[in-house]
Amino acid sequence: MSTDPKAGFSTRAIHAGNPPDSRTGAVAVPVYQTSTYAQEGLGKNKGYEYARSQNPTREALEANLASLENGVHGLCYGSGLAATTNLLCLLKAGDHVVASNNMYGGTFRLFDQVFGNFGLTVTYVDSSDLGQVEAAITPATKLLYVETPTNPLLTITDLAGIAQIAAKPGLISACDNTFATPYLQRPLELGIDIVLHSTTKYLNGHSDMVGGALIVRRDDLGQRLRFLQNAVGAVPGPWDCWLALRGTKTLSMRMDRHQANAAQVAAYLAGEKKVKRLFYPGLPNHPGHALAKRQMSGFGGIVTLDLGDLAGGKRFAEALRLFTLAESLGGVESLVTHPASMTHASVPRAQREATGFTDGLVRLSVGCEDAADLLADVSQALVAV
Ligand SMILES: Cc1ncc(COP(=O)(O)O)c(C=O)c1O
């Protein structure tokens with residue numbers, strides 16, 4: 001049974017890559033917890049030789065994600081950063097990347113402190129300004145890498161505009177779609193070549209595994225990445241793939257709840273004097289609001305607020321009771337993070353502050369609890385500031 005590619009998002013989330021098991025009829029894809037496969041003779045096998053190269057549970061997740069992003073090939077990895085690593089392995093020494101100047105901190109660290117040692121150079125620009133992206137391109141530029149909405153400032157980049165700039169031979173465009181998820185934004189449909197996810201976040205949705213994925217429409221890129229996935233080897237285990245696959249079945253329902261709750265939290269915070277700046281793309285005064293409305297079908301579940309200084313941010317984050325102070329985001333449970341000292345601690349202060357990313361910022365991953373309880377928690381924590 002194959003899933004109709006024209007079926008609705010929730011139908012594909014539940015069924016794509018998930019046919020009943022051909023041997024037993026099991027409705028949930030089995031966890032193929034094996035490192036290798038018996039071969040019938042030399043060169044004779046059932047299409048499975050060794051689990052770094054092929055695993056049926058991983059293939060189920062890859063097919064599911066490819067369908068949700070409207071791609072042709074999905075490739076899964078042991079973490080979001082392992083997915084970025086595989087993507088960067090498409091490049092070689094001397095190549096140049098133009099990237100968003102506000103992204104997940106680990107992505108900067110990987111670009112500068114790891115691939116910088118192999119001769120890759122990166123220019124960071126405010127990718128919400130396409131003129132800056134275009135101006136940064138050199139004859140050596142091979143990759144435009146953007147995150148939208150960004151972590152943690154929720155800056156919005158025009159993906160169709162990025163795809164247009166990248167429409168030159170030898171130039172690849174990539175978008176980290178972790179914050180939006182394919183339920184709210186599908187970069188491949190806007191012409192982007194590669195979509196990246198930390199499946200650790202909304203796709204899994206339950207904070208119980210770490211994983212990553214790349215999804216592409218182009219066969220040549222898919223084949224090259226499949227080679228790199230096996231050659232580099234940062235593949236996820238089948239159990240983690242199974243957890244992510246179970247997560248995507250409820251993605252649309254969770255995202256509806258995440259963003260309904262986030263909108264209420266943002267509306268509440270917008271009226272509070274102690275909140276110096278507030279970032280949520282659903283707010284009409286957010287600089288990327290009109291663009292987000294056009295290229296996304298919702299505004300997501302992350303709200304970032306500025307409490308003025310480190311002391312204010314610390315007091316607020318530590319006073320929250322229902323929001324757990326922890327790294328990560330996108331699970332059903334609400335989390336609070338202080339990005340400057342946690343998720344983005346590896347980004348140099350000057351580089352951070354140049355984008356308006358100050359020590360007073362606190363990032364809320366608004367979960368799926370009852371909105372009234374979340375609002376009560378935020379309200380009591382503000383008293384502590
Ligand atoms: C937007 C974004 N991309 C990539 C990553 C890296 O993913 P992972 O932690 O699964 O390696 C993160 C992690 O927080 C993230 O927030």
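Remember, it's 1-based here, ligands and their atoms both numbered in the order they're listed. In this chain, numbering begins with 1 at the start of the sequence shown.
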Quick one: look up the protein heavy atom nearest [atom] and list residue, atom name and how far away it is.
atom                    : result
atom 5 (C) of ligand 1  : Tyr104 CD2, 3.4 Å
atom 9 (O) of ligand 1  : Lys201 NZ, 3.6 Å
atom 16 (O) of ligand 1 : Asn151 ND2, 3.1 Å
atom 3 (N) of ligand 1  : Asp176 OD2, 2.6 Å

Numbered atoms and elements of ligand 1 in range of Thr200, under 4.0 angstrom, heavy atoms: 10 (O)
For Ser79, the ligand 1 atoms whose distance to one of its heavy atoms is below 4.0 Å: 10 (O), 11 (O)
Looking only at distance, does [X] have an N or O less than 3.5 Å from an N or O of ligand 1?
X      : result
Leu196 : no
Gly80  : yes
Glu147 : no

Aromatic plane relationship, Tyr37 with Tyr48 - under 30° parallel, 30 to 60° tilted, over 60° perpendicular: tilted
Parallel, tilted or perpendicular: ring planes of Phe115 versus Phe118, cut at 30 and 60 degrees: tilted
Heavy-atom gap Gly211 to ligand 1 smaller than 4.0 Å: yes
Between Ser53 and Asn230: side-chain donor-acceptor atoms closer than 3.5 Å: yes
Between Ser334 and Glu369, a side-chain donor and acceptor under 3.5 Å: yes
is_close_aromatic(Phe108, Tyr124), centroid dist under 6.0 Å: yes
Proximity of His286 and Tyr280 rings by center, below 6.0 Å: no
Ile215 and its side-chain contact (heavy atoms from CB on, under 4.5 Å) partner, picked from Leu196, Leu75, Leu188, Leu68: Leu188
